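A short write-up of the structure that comes next.
Owing to the predicted nature of the structure, the values given are computational and were not obtained by experimental measurement. Protein chains get the first letters and strands the later ones, always in sequence-line order, with residue 1 at the start of each.
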Amino acid sequence: MRPPTDRDELVSRARDLAGRPLSELATGLGLPVPVDLRRDKGWIGQLVERALGATGGPRELCDFPHLGVELKTIPVDGGGRPRESTWVCVAPLDGSLARSWDRSRVCRKLARVLWVPIRGEGPPGERVVDRPRLWRPTAAQEARLRADWEALAELIELGEWWQLTARHGQVLQVRPKAASSRELVWVLDEEASWVRTNPRGFYLRRSFTAEVLATRG
DNA sequence: CTTTGATCATAC
DNA sequence: GTATGATCAAAG
């Protein structure tokens, strides 16, 4: 699939997918449809990426670098409400975290997001693409994200990440992000000593994405 | 039912 | 091992 030329084309393509079951998208791309997602958790996201012509790889900041747009599929229930929190990016505990919100990966990733809700809870192939929303945080939303990020970042910078749990943050939270809890990375503690702990990542709370999907569009 | 903490596959 | 794509599953 050719990458979309501009944001209008991207949105137009996403709108064309609305109402279509994922099995149809997969067939069109010649991809197999898993029976469930237990061993294919990233299947829906990667399917929609390909269906829309995303080009950004692991080294890019977002899925459509030339458009400055990050793509997020999000599972929703019959009422269009998110069923899960949303992964944003890793939360480095090794001193490499950005010093300011504006330079943070959270801020940059969320600067422009194309949300593609996926409706349904049954077999992946039977789930249906919902109406997409091209979103930029409102000033108020960004202020909340920033406040949370700064509070979380301060704990991390002080080496007090061990105090961090998913209960911190009103809209943005830090949770484990790894293949398993046995996975360890080197990080700095409060005495600036290198120690090992589990990798963490930033996630958007469900209540926040619910608000995002409910407004606009 | 909702939230927190844990986990799975793949590319490089 | 790091980063991508997330959902699973145990707790509350």
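Listed by first then second residue, pairs satisfying salt bridge (charged side-chain N to carboxylate O under 4.0 Å, His left out) with a partner in residues 21-44 of chain A read A:Arg20-A:Glu24, A:Asp36-A:Arg38, not counting sequence neighbours. Sequence neighbours left out, the pairs with a member in residues 202-214 of chain A that pass salt bridge (charged side-chain N to carboxylate O under 4.0 Å, His left out) are A:Arg144-A:Glu211. Under the salt bridge (charged side-chain N to carboxylate O under 4.0 Å, His left out) criterion, no residue pair touches residues 168-193 of chain A, with sequence neighbours excluded.
The local environment of CD in A:Gln163 is crowded, with over 12 non-hydrogen atoms from other residues, nucleotides or ligands closer than 6.0 Å.
The separation between A:Gln46 atom CD and B:dA11 atom P is 8 Å, rounded to whole Å. For the pair A:Leu31 CG and C:dG5 P, the computed distance is 17 Å after rounding to whole Å. Distance A:Glu183 CD to B:dA6 P: 13 Å, rounded to the nearest Å.
In the set B:dT2, C:dA6, B:dA6, the nucleotide with an atom closest to the side chain of A:Lys177 is C:dA6. The side chain of A:Glu70 sits closest to C:dG5 out of B:dA6, C:dG5, C:dA3.
Using a 4.0 Å heavy-atom criterion, one finds that A:Arg105 contacts the sugar-phosphate atoms exclusively.
The OG1 atom of A:Thr215 sits 5.5 Å away from the CD atom of A:Gln141 when rounded to the nearest 0.5 Å.
Comparing the end axes of the helix from B:dC1-C:dG12 to B:dC12-C:dG1, each fitted to five base pairs by superposing C1' atoms of four pairs onto the next four, gives an inter-axis angle of 30° (nearest 10 degrees).
Here A:Arg39 reaches the OP1 or OP2 of B:dA9: one of its side-chain N or O atoms lies under 4.0 Å away. The phosphate of C:dA3 has neither OP1 nor OP2 within less than 4.0 Å of any side-chain N or O from A:Lys109. Proximity of A:Lys72 to the phosphate of C:dA6: a side-chain N or O atom is located under 4.0 Å from OP1 or OP2. Contact annotation: A:Gln173 side-chain N/O to B:dT4 OP1/OP2 distance is under 4.0 Å.
Here the shortest heavy-atom pairing between A:Leu93 and A:Asn198 reads CD1-O, 4.4 Å.
With a 4.5 Å cut-off between side-chain heavy atoms of Ile, Leu, Val, Met, Phe, Trp and Tyr, the cluster of A:Leu188 takes in A:Trp186, A:Trp194.
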request  = Classify every nucleotide of nucleotides 7-12 of chain C by which part a protein heavy atom approaches to under 4.0 Å, writing B for the base, S for the sugar-phosphate alone and - for neither, in 5'-to-3' order.
outcome  = BBS---

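Annotation: side chain of A:Glu121 is not in contact with side chain of A:Pro75 (no heavy-atom distance under 4.5 Å).
Looking at A:Ser100 and A:Asp102, their side chains never bring a donor and an acceptor atom within 3.5 Å of each other.
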